[in-house]
Amino acid sequence: MTAQASAQEPAAAAAAPKVSVADGIKDVMRRIEEASQRSGNKRTRLVAVGKTKPLEAVLEAYQVGHRSFGENYVQEIVEKAGKAPEDIQWHFIGHLQSNKAKALLQGVPNLYMLETVDTTKLADRLNRICGELGRETPLRVLVQVNTSGEESKHGVEPSEVTALAAHISGSCPNLEMAGFMTIGMPDYTSKPENFTCLKECRRKAAAELGLDESELELSMGMSGDFEAAIEMGSTNIRVGSTIFGARIYPNKK
Ligand SMILES: *Cc1c(COP(=O)(O)O)cnc(C)c1O
């Protein structure tokens, strides 16, 4: 790098305008619309993921008409939901330990969808708590699938998806078996395989359970790959940093 280039870099970064959350949402909506035009997939919901960001950022998006929001941590979603308008449709997208299920369901009565069911134990626990709390409508849940085979990822193996989906739809009357979710690999070029795998899981489970495939959701696609995911049929994309800016994790160990 030349001395001149390195001298210019910090100034260029400082001069970059800060994009507002409202502009971030509008820009993502425009990109969704374009991907939807290209692919003919007209039914993708945008879940704006506000984890680690203050409630004010979420409300900025709310003020421009956005209603679907996602959070990863029980304590954070409970705090935000308690102070936010009731017509927000909250999605829980983080790993959920069974012993925190009650705090989540009690703390977020307007929880719209829980995207990360990955054991029968968790499904049974959620089903029981929904009953105890007297929820009026079944809770929509997605089965999280580990489509990349990485040890670090939560989710059931593709071969176990149908059994868990069958358990939810057959034995958990307080849950609605609403579809499938995956995170996939960070490496963009590997993702099509992960997304194809999720679609295949849905096809098999729908056939086995006698359900209409088009009524089961595919939650796939994040900031780096949501357009590709829409083109592959995603019905639910989860976008955080492209809307709210990069996340900073203080004291991350
Ligand atoms: C954080 C997170 C997202 C959003 O990620 P971005 O890359 O910031 O868009 C989506 N899905 C899950 C499960 C997440 O944890």
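We count ligands from 1, going down the list as the structure has it; atoms in each ligand are counted the same way. Numbers here are sequence positions counted from 1.
For the pair R45 and E217, the salt-bridge criterion is met [side-chain N within less than 4.0 Å of a carboxylate O]. One finds no salt bridge joining E34 and R31 here, because no Lys/Arg side-chain nitrogen approaches an Asp/Glu carboxylate oxygen to under 4.0 Å. Salt-bridge check for R30 with D27: passed, with a basic side-chain N closer than 4.0 Å to an acidic carboxylate O. Using a 4.0 Å cut-off between charged nitrogen and carboxylate oxygen, E76 and K80 count as a salt-bridge pair. Salt bridge annotation for R202-E213: present, with a cationic side-chain nitrogen under 4.0 angstrom from a carboxylate oxygen.
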What does the contact table look like for ligand 1 (nitrogen or oxygen on each side, cut-off under 3.5 Å)?
residue: ligand 1; atom: 8 (O); partner: S241; partner atom: N; Å: 2.8
residue: ligand 1; atom: 8 (O); partner: S241; partner atom: OG; Å: 2.8
residue: ligand 1; atom: 8 (O); partner: R247; partner atom: NH1; Å: 2.8
residue: ligand 1; atom: 8 (O); partner: R247; partner atom: NH2; Å: 3.2
residue: ligand 1; atom: 9 (O); partner: S223; partner atom: N; Å: 3.0
residue: ligand 1; atom: 9 (O); partner: S223; partner atom: OG; Å: 2.6
residue: ligand 1; atom: 9 (O); partner: G240; partner atom: N; Å: 2.8
residue: ligand 1; atom: 11 (N); partner: R238; partner atom: NE; Å: 2.9
residue: ligand 1; atom: 15 (O); partner: K51; partner atom: NZ; Å: 2.7
residue: ligand 1; atom: 15 (O); partner: N72; partner atom: ND2; Å: 2.7

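A donor and an acceptor atom, one from each side chain of S219 and E115, are located under 3.5 Å apart.
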